[in-house]
Every structure is written in C-alpha cells, then in structure tokens.
Amino acid sequence: MSFLYVVFLMGLGVIADYYRKHYQSTPIEIVKYNYGRVTIYAVLLILVFLYSNNNEVPFVYYQF
Amino acid sequence: MSFITIEYYIFLIFIVGAIYTIRKKYNWLVLTIASYVFYASIHLEYAIVMLASTIVAYFTAIMMSKVKKGRVFFFLIGILTDLSLLFFFKYLGFFLENVNFLFGTEIDTGYSIAKNIILPIGISFYTFQSLSYTIDVYRKQREPEKHFGYYALYISFFPQLVAGPIERSQYLIPQLKKKVKPNLDRFIQGGKLILWGLFKKIVIADTIGTYVNHVFISPDGHNSAEITLAVYAFAFQVYFDFSGYSNIAIGSAKMFGIDLSMNFNSPLTSKTLSELWKKWHITLMGFFNTYIFHPLVKSQRIFHKWGAGAILVVFFISGLWHGASWNFVIFGLVNGLAIVIERRTKFAKKIQQRVKKKQLGLAFKLLLIFYSVSVLSFSSIWFKTKLLMKLLILFQKLELSISKVHE
C-alpha cells in the first residue's frame, strides 16, 4: 500500500470526523434534516461495500 | 455478532421492529432479552458472568437503601464483586507473572487457570457501569433502581455493551423507561451515524491497519519515513476503529429513541494533550474524573497539595484498564506525565492561555496539533508491540535510519 494513500486516508478520516462530530451529541428533537444530502450517504454506502471485501477485522477495543 | 456483520443489522432491524409493534410496557423485556441473546451469541458463559454481576449489584444497592447500619458492608460486597470479576478474568495472569518475577516463585502461569481463562468481551465496560451505579447509590446521589429488569437492561443494553460508551445510571435508566413511539426521523439519524461509523471502521481504520501491520511485522524492510508513518497511522487506526464503533453504538441506540453519550469529540485536532484527553474516550475519562481524581484531590492532603500526583494515579489506572501489561501502564504514564508538564511549566501555561483566548496563528495551531498527536502516537505503539524488546528494536531501527539520513 502506498505511503501517500495512507496519508490521504488519515487526512480524509480527520475531515470526515470533524464534519460529523456535532451529530453525535445533538438531541433528536432539535436536529433538522437536510434530505438533499442523500448523495454523500450514497457515496459512503458504496465505499463501505467496496471496502468490506477485506477480511473481517475485530474492533481494537474488543480486547479490553 | 459484531457490528460489522450483516447478521447484526438483520438483528437490529428485527428488534427495532419488535419495539415499535409490541405494547410499550414490554419494551424493556424485549431489549433485555435481545441484549442477552446478543451477548450470548459471542460466548454463552459471558452472559452468565454478566448476569451474576448484575444480580449482586442490584441486591446490594437495594440493601444499602434499606439498612441504616451496615451500608458499608453491602457497598463493599457490591464493589468487591465487580473488582474481583475484573481481576480474575483480566489481571490474574499478569499478577502471577509479577509475583514470580518479584519473589522468585515458580507459579506456572503457562498452565495455570489464569492463562486458560477467556476474557469476557466488554467486561471492562459493564463492570465500570456497575461500579458507578453502586458508588452513586452509596453516596446517595441516586435512589436504587427498584425494577430489576430496568437495571439489568442498563448493564446489558446491547449497543453499548461491548465497548461503551460507559453510561451513568442517572442518564441511561430514565431513557430506558421512556415509552418510544415509531419515528422515521430518529431511524434515519441513527442510520446515518451507523453509516459514518462503518466508513470510519471499514474504509479508514481497517485499510490503514493493513499498512501498519505490514510495517510492524518486518520493520527491517522499511525506511524511517515508512516506520514513522506507521507509528502515526497506528494511533489513527485505533482512533477511527474505536470512534467508528462508538458511532455505530450511538446510531443503533438512537433507533430505539435512546441518546447515548458522546464518546469522542474530534480529539485528533486538539492543540494540547490535556484537550486531547478531554475529547478522547470521554465517558471513561469522565468515570476516572468523578470516581478517582476528584475524591483523591478532595480527601487526600498529599494530592490536594500535589494535584499532579492525582493525574499520574488516574493515568496509571487508565493504562492498566487498557490491558494487563506494563506496556499499557507506560502508555498511561507517558500521557499523564505530558499533561503534568503542560500544567506545570510556564511556557506550556502561556500556550494554554493563548489557546483558550484563541490567540493563535494557523501555523502555530498546526504545530500544537502535531505535538499532541505525536505524543499520542508514540505512546500508543505500546498497544501494538506487546513485547518491550520488540518495541526497543523498532525505536533503534528508527534512530539508525534517522542518523543515516543526517550523515
């Protein structure tokens, strides 16, 4: 696996994480939905399916 | 049944469907049975251990509220039951190894019961929930839960059973008692969180993990840049793996109308290590703060005067919580020590003040983020390299490569 690809994934992860963080704590009642953002979830779903061909890797924190 | 298997999602949709169709007063029963089925699907014996812990904590809490004298006795039974389960399953082998080392004894840890015990998954998480409940009841910060079913569900609620978030009973039990009505918005929000969690786990963490494993297995075949990247990448892998898990857990719970606590708040963009540890595994650090750090500072004169000592104690325990090995203790102490330095040195204090007042330029912010991520990364490789010698070889290799570049 290439060096730059790993760096890219690390950066992508940080951006995705930052983008999503507010959803984790917002109470359900005050969340406003934007159903126009279906595209990004479609992309996520495709990516998850594409990458899920790898062997199933247990979660790191299962060992604790 | 893991969160990344299709079976889990069939199970989840089936239980959500059941919750919305049956009479509301039986919601707790369906969720409790589902939680035990989920846990027993991993290992049947684990469920029995969890049930035993639940029964003892439930009855000791009830007894604490009923008796006027002897509350301490029931408190100790509750606490010691959880701690002994944790010790027996997680730390006995490590303890015996150290006894052998210190006293020159020859207790055969290789063939002893300690080595043959399988660690029940999630034991570090649900015993901590049980401990927090028992302590809160003892401190009279909450009434004991009278309904055994709700208490059993609080301990076993399947989205957060295996790896948290570690919830306090005052927050979770009232939500478990709420009557949930079908809600499409809630279902969609939960689904989105699950999707983000799967993305972090499968696309980011597991792919980075392939590279990390490749480098760590044979460091000799890689140059210093590749080894350095692997060290950083491993911290990122752990983070995206665990925060991905938390997203899936929170998303699954939302489908039942339950808000679990936020466990991560983008810690990899923190400018100081203190900030990073406030944003990383928030519920565990909250537990240590409430039940160890504050009581130590308040009650022990030495820690009241020397707060740094309390920080080191917390990070020592935090390291040990992560695993029964000195590697994890070192991981905890390195981070604790870095935080103490941040709090004590004048230079670090000035930076902290500027961070609070948001008086930092972009370049300086990035430099600080690099610092905090570096401390985390270089201390986290203890997770990966369980053998101290192997780690020293890795560092030696890194040092040699760097000195070659300088020559």
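This is a predicted model, so every value here is computed, not measured. The sequence lines fix the lettering, A, B, ..., with proteins before strands; numbering per chain opens at 1.
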Worksheet item: Does the side chain to side chain contact (heavy atoms under 4.5 Å, CB included) test come out yes or no for B/Asp206 and A/Tyr51, once each step is laid out?
Response: CA-CA 9 Å; B/Asp206 290 354; A/Tyr51 279 76; over 6 Å; no
Worksheet item: Can you name the closest pair of heavy atoms from A/Leu12 and B/Phe199 and give their distance?
Response: CD2-CZ, 3.9 Å
Fill in: For B/Glu226, all residues meeting salt bridge (charged side-chain N to carboxylate O under 4.0 Å, His left out), sequence neighbours excluded
none
Worksheet entry | When B/Ile204, B/Ile208, B/Val203 are compared by non-hydrogen pairs under 4.5 Å with chain A, the top option | B/Val203
Worksheet item: Non-hydrogen atoms of chain A under 4.5 Å away: do they reach the side chain of B/Ile369, the backbone, both or neither?
Response: neither
Worksheet item: In this structure, are over 12 heavy atoms from other groups packed under 6.0 Å from B/Phe370 atom CZ?
Response: no
Worksheet entry | side chain to side chain contact (heavy atoms under 4.5 Å, CB included) between A/Met10 and B/Leu229, intermediate numbers included | CA-CA 10 Å; A/Met10 288 160 70; B/Leu229 179 68; 4.0 Å; yes
Worksheet entry | Shortest non-hydrogen contact from A/Val6 toward B/Ala233 | CG1-CB, 4.1 Å
Worksheet item: Which atoms form the tightest heavy-atom contact between B/Ala225 and A/Phe3, and what is the distance?
Response: O-CE1, 3.5 Å
Discussion item. Which atoms of B/Leu268 are under 4.5 Å from chain A, going by heavy atoms: the side chain, the backbone, both sets, or neither?
Written reply: side chain
Item to complete: Would you check, one step at a time, whether the test side chain to side chain contact (heavy atoms under 4.5 Å, CB included) holds for A/Asp17 with B/Phe264?
Response: CA-CA 9 Å; A/Asp17 189 47; B/Phe264 294 93; 5.8 Å; no
Response to the item:
Output for pair (B/Ile202 CD1, A/Leu44 CG), nearest 0.5 Å, gives 11.5 Å
Discussion item. Under 4.5 Å from any heavy atom of chain A, what part of B/Phe240 do you find: side chain, backbone, both or neither?
Written reply: side chain
Discussion item. Does any part of the side chain of A/Phe49, heavy atoms only, come nearer than 4.5 Å to the side chain of B/Leu198, both counted from C-beta?
Written reply: no
Discussion item. Restricting to ring pair (Phe, Tyr, Trp, His ring centres under 6.0 Å), what partner residues turn up for A/Phe8, sequence neighbours left out?
Written reply: none
Worksheet item: Given A/Tyr41 and B/Trp196, is the side chain to side chain contact (heavy atoms under 4.5 Å, CB included) satisfied, shown in steps?
Response: CA-CA 8 Å; A/Tyr41 292 99; B/Trp196 277 107; 3.3 Å; yes
